[in-house]
Chemist: 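Before we start, here is the structure in question, set down as structure tokens.
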Amino acid sequence: MDRDWDKFLAPYEQTVSELKVKLRGIRKQFREQNQHVPIEFVTGRVKPVESIITKSQIRHIPMERLEEEMSDIAGLRIMCQFVEDIHQVVQLLRNRKDMKVIIERDYITNKKASGYRSYHLVIEYPVQLVNGEKIILAEIQIRTLAMNFWATIEHSLNYKYQGAFPEEMKIRLQRAAEAAYQLDEEMSTIREEIQEAQRLFSHGRGKSDDSYYQASIDREET
């Protein structure tokens with residue numbers, strides 16, 4: 001079927017834009033209250049048309065059912081410092097009134113065979129259009145920086161090998177995934193000390209002089 005993709009994707013683009021603002025607003029509120037910030041940074045994207053078509057063919061999703069059956073056309077990622085932050089963010093999103101969590105996939109407790117770890121939420125988000133309200137499905141992936149590093153590398157290699165990883169590469173990726181997991185576990189054991197150090201650093205120099213803080217802002221503005 002012929003489709004006006006610009007018109008079809010417009011509500012998804014608005015959804016991603018609005019959710020990025022709202023999720024970054026959560027982070028800003030924690031900072032203003034001088035509390036530990038569970039959100040390190042937020043990114044978002046709308047799936048390219050070519051990827052939508054390819055996925056619809058692989059999953060046997062009729063084009064007229066994309067809105068109901070493809071939940072990641074609008075996608076956001078929330079990066080956290082600690083695993084504990086992930087669970088806090090999940091609870092914050094469950095409690096919100098401007099979106100509804102309809103699916104949860106805990107790949108942290110139940111990692112994928114590849115070693116992939118992350119927490120996925122599928123939400124219904126009411127976007128306001130000139131013709132009225134439209135419910136859009138969006139996927140939010142929440143992961144630590146270590147999980148994100150591994151997932152980014154695995155995604156690049158998956159593109160190279162088209163999913164058919166050599167056995168040695170599979171083993172090395174699984175080992176790397178376990179190393180990332182152990183890093184997160186170790187950081188969790190000294191989380192309070194890290195947070196105290198961050199508070200002292202921020203209060204001692206001020207956020208405007210905090211290069212790490214400024215770098216996180218710069219990442220999101222690109």
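Model, not experiment: these values are computed from the prediction.
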Chemist: Any donor and acceptor pair, going by atom type alone, linking the side chain of T109 with main-chain N or O of D106 inside 3.5 Å?
Modeler: no

Chemist: Let me see the working for Y107 and H120 under ring-ring contact (aromatic ring centres under 6.0 Å, His included), right down to the final yes or no.
Modeler: CA-CA 8 Å; Y107 297 122; H120 293 196; 5.0 Å; yes

Chemist: Donor-acceptor check, side chain of T15 to backbone of P11, threshold 3.5 angstrom: yes or no?
Modeler: yes

Chemist: Check for me, please, whether I140 and I103 land in the same ILVMFWY cluster - side-chain distances under 4.5 Å, paths through other members count.
Modeler: no

Chemist: Just wondering, do V37 and K28 contact through their side chains at under 4.5 Å, heavy atoms?
Modeler: no

Chemist: So R143 and Q141, side chain to side chain donor-acceptor pair (under 3.5 Å) or not? Walk me through it.
Modeler: CA-CA 7 Å; R143 55 178 68 153; Q141 299 177 359; 2.6 Å; yes

Chemist: Do the side chain of D4 and the main chain of K7 share a donor and acceptor less than 3.5 angstrom apart?
Modeler: yes

Chemist: Does the pair E154/K170 count as a salt bridge with the N-to-O cut at 4.0 Å?
Modeler: no

Chemist: Calculate, to the nearest 0.5 Å, the distance between atoms CE and CG belonging to M147 and L183 respectively.
Modeler: 10.0 Å

Chemist: Between V90 and R94, is the side chain to side chain contact (heavy atoms under 4.5 Å, CB included) condition met? List the steps.
Modeler: CA-CA 6 Å; V90 169; R94 287 181 187 139; 3.5 Å; yes

Chemist: So, R24 side chain and V42 main chain: donor-acceptor pair closer than 3.5 Å or not?
Modeler: yes

Chemist: Do S56 side-chain atoms and I53 backbone N/O form a donor-acceptor pair below 3.5 Å?
Modeler: yes

Chemist: Does Y181 have R117 sitting over its ring (NZ/CZ under 6.0 Å from centre, angle to axis within 45°)?
Modeler: yes

Chemist: Step by step, would you call L76 with R45 a side chain to side chain contact (heavy atoms under 4.5 Å, CB included)?
Modeler: CA-CA 6 Å; L76 293 104; R45 63 94 184 102; over 6 Å; no

